[in-house]
Amino acid sequence: ETGVTQTPRHLVMGMTNKKSLKCEQHLGHNAMYWYKQSAKKPLELMFVYNFKEQTENNSVPSRFSPECPNSSHLFLHLHTLQPEDSALYLCASSQQQLAGAGLGSYNEQFFGPGTRLTVL
Amino acid sequence: GENVEQHPSTLSVQEGDSAVIKCTYSDSASNYFPWYKQELGKRPQLIIDIRSNVGEKKDQRIAVTLNKTAKHFSLHITETQPEDSAVYFCAARGTNAGKSTFGDGTTLTVKP
């Protein structure tokens with residue numbers, strides 16, 4: 001499946017490094033999400049972007065900085081991470097309907113393969 | 001905010017038996033309830049979903065039921081097969097910008 005792609009697939013970084021995760025969706029969706037998946041909290045929503053605007057920041061530390069330059073691309077910039085930030089970072093996208101469409105804004109989220117991040 | 005609880009955390013069944021996973025949610029405004037299956041090393045994928053205007057939905061061997069009054073919904077898998085072994089996540093979503101709250105997952109093991 002190539003609907004939602006993520007790079008890199010694996011990343012090892014030191015606590016002082018700066019790195020970025022990239023997500024790209026080829027489904028024409030208008031909403032994108034970052035999730036963190038770890039043993040402690042299997043699927044934890046981090047950020048939501050609708051129509052390139054951030055609509056949700058789920059109390060994520062500032063060492064994670066998202067960027068959404070257009071509706072097809074989503075980045076997660078990482079700096080001065082901690083070992084406990086090691087996890088699988090999943091990107092997802094969905095088609096959100098406009099307000100007033102009368103059908104609600106719920107639609108299936110398509111997940112990317114994830115980036116396995118290890119912080120040393 | 002929304003709180004979703006999922007039980008059990010692990011479930012082991014014999015091939016051919018049925019498996020039931022239950023979730024409860026707290027926000028009565030939630031109106032969409034998807035279930036995702038995540039096989040080892042793979043991404044979560046939607047297997048079935050239900051909207052709040054429906055009480056039950058079935059797709060071959062899987063079905064989902066929703067009780068809005070009690071705020072709980074369940075996944076039912078009949079005639080389980082070893083390939084059903086995976087982690088299953090429930091989620092609840094309201095109309096608030098599409099945010100989904102996921103349960104903690106159930107690891108299902110189907111023994112041949």
Side-chain angles (χ1 to χ4, degrees), chain A residues 1-6 9-10 23 25 29-59 88-116, chain B residues 1-10 21 23 25 27-54 57 59 64 66 68 73 86-108:
Chain A
E1 295 180 43
T2 58
V4 182
T5 57
Q6 288 186 244
R9 295 293 303 277
H10 301 272
C23 176
Q25 60 95 2
H29 290 164
N30 53 24
M32 297 186 77
Y33 312 80
W34 278 117
Y35 287 89
K36 176 183 178 182
Q37 188 173 38
S38 62
K40 284 188 175 182
K41 187 70 176 178
L43 267 175
E44 187 175 5
L45 181 67
M46 300 175 72
F47 301 104
V48 180
Y49 277 82
N50 279 275
F51 300 96
K52 303 186 298 177
E53 299 295 324
Q54 186 182 131
T55 56
E56 191 81 29
N57 177 337
N58 206 21
S59 302
L88 180 69
Y89 288 84
L90 288 161
C91 172
S93 71
S94 70
Q95 183 63 25
Q96 296 304 110
Q97 297 185 19
L98 296 173
L103 297 176
S105 62
Y106 36 68
N107 275 303
E108 175 186 356
Q109 291 185 10
F110 291 81
F111 285 86
T115 295
R116 175 67 62 185
Chain B
E2 175 68 277
N3 182 46
V4 175
E5 294 190 1
Q6 183 171 345
H7 299 281
S9 56
T10 59
I21 303 170
C23 286
Y25 62 99
D27 187 354
S28 56
S30 291
N31 53 16
Y32 175 63
F33 306 92
W35 285 90
Y36 290 83
K37 175 184 180 183
Q38 187 174 24
E39 296 176 27
L40 189 64
K42 296 188 177 180
R43 72 192 78 186
Q45 290 192 299
L46 182 79
I47 54 171
I48 195 167
D49 57 15
I50 191 167
R51 287 162 170 75
S52 58
N53 58 348
V54 175
K57 185 177 178 180
D59 183 4
V64 57
L66 171 65
K68 285 190 297 181
F73 55 112
V87 179
Y88 291 81
F89 293 96
C90 65
R93 187 186 308 175
T95 55
N96 179 22
K99 175 186 174 183
S100 285
T101 302
F102 283 79
D104 286 346
T106 296
T107 301
L108 173 65

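For the numbers below, each heavy atom of this structure counts, side chains included, while hydrogens, waters and symmetry mates do not.
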(message) Testing the basics here: between B/Ser100 and A/Tyr35, what is the closest heavy-atom pair and its distance to 0.1 Å?
(response) CB-OH, 4.0 Å
(message) Is A/Leu45 in contact with chain B via its backbone, its side chain, both, or neither, using a 4.5 Å heavy-atom distance?
(response) side chain
(message) Under 4.5 Å from any heavy atom of chain A, what part of B/Pro34 do you find: side chain, backbone, both or neither?
(response) neither
(message) Restricting to side chain to side chain contact (heavy atoms under 4.5 Å, CB included), what partner residues turn up for B/Lys42, sequence neighbours left out?
(response) B/Glu39
(request) Please report the C-alpha distance between B/Phe89 and A/Gln37 in whole Å, then the side-chain angles of each, then the deciding distance to 0.1 Å, and finally whether the side chain to side chain contact (heavy atoms under 4.5 Å, CB included) criterion is met. (result) CA-CA 12 Å; B/Phe89 293 96; A/Gln37 188 173 38; 3.4 Å; yes
(request) Could you pull out all residues at least two apart from B/Asp49 that satisfy salt bridge (Lys or Arg N to Asp or Glu O under 4.0 Å)? (result) B/Arg51, B/Lys57
(message) For a quick test of reading the model, state the closest non-hydrogen atom pair linking B/Arg43 to A/Val4 and the distance between them.
(response) NH1-O, 3.5 Å
(request) Can you measure from CG (B/Asp104) to CD (A/Glu44) and round to the nearest 0.5 angstrom? (result) 10.0 Å
(request) To the nearest 0.5 angstrom, please state how far the CZ atom of A/Phe111 sits from the CG atom of B/Leu46. (result) 9.5 Å
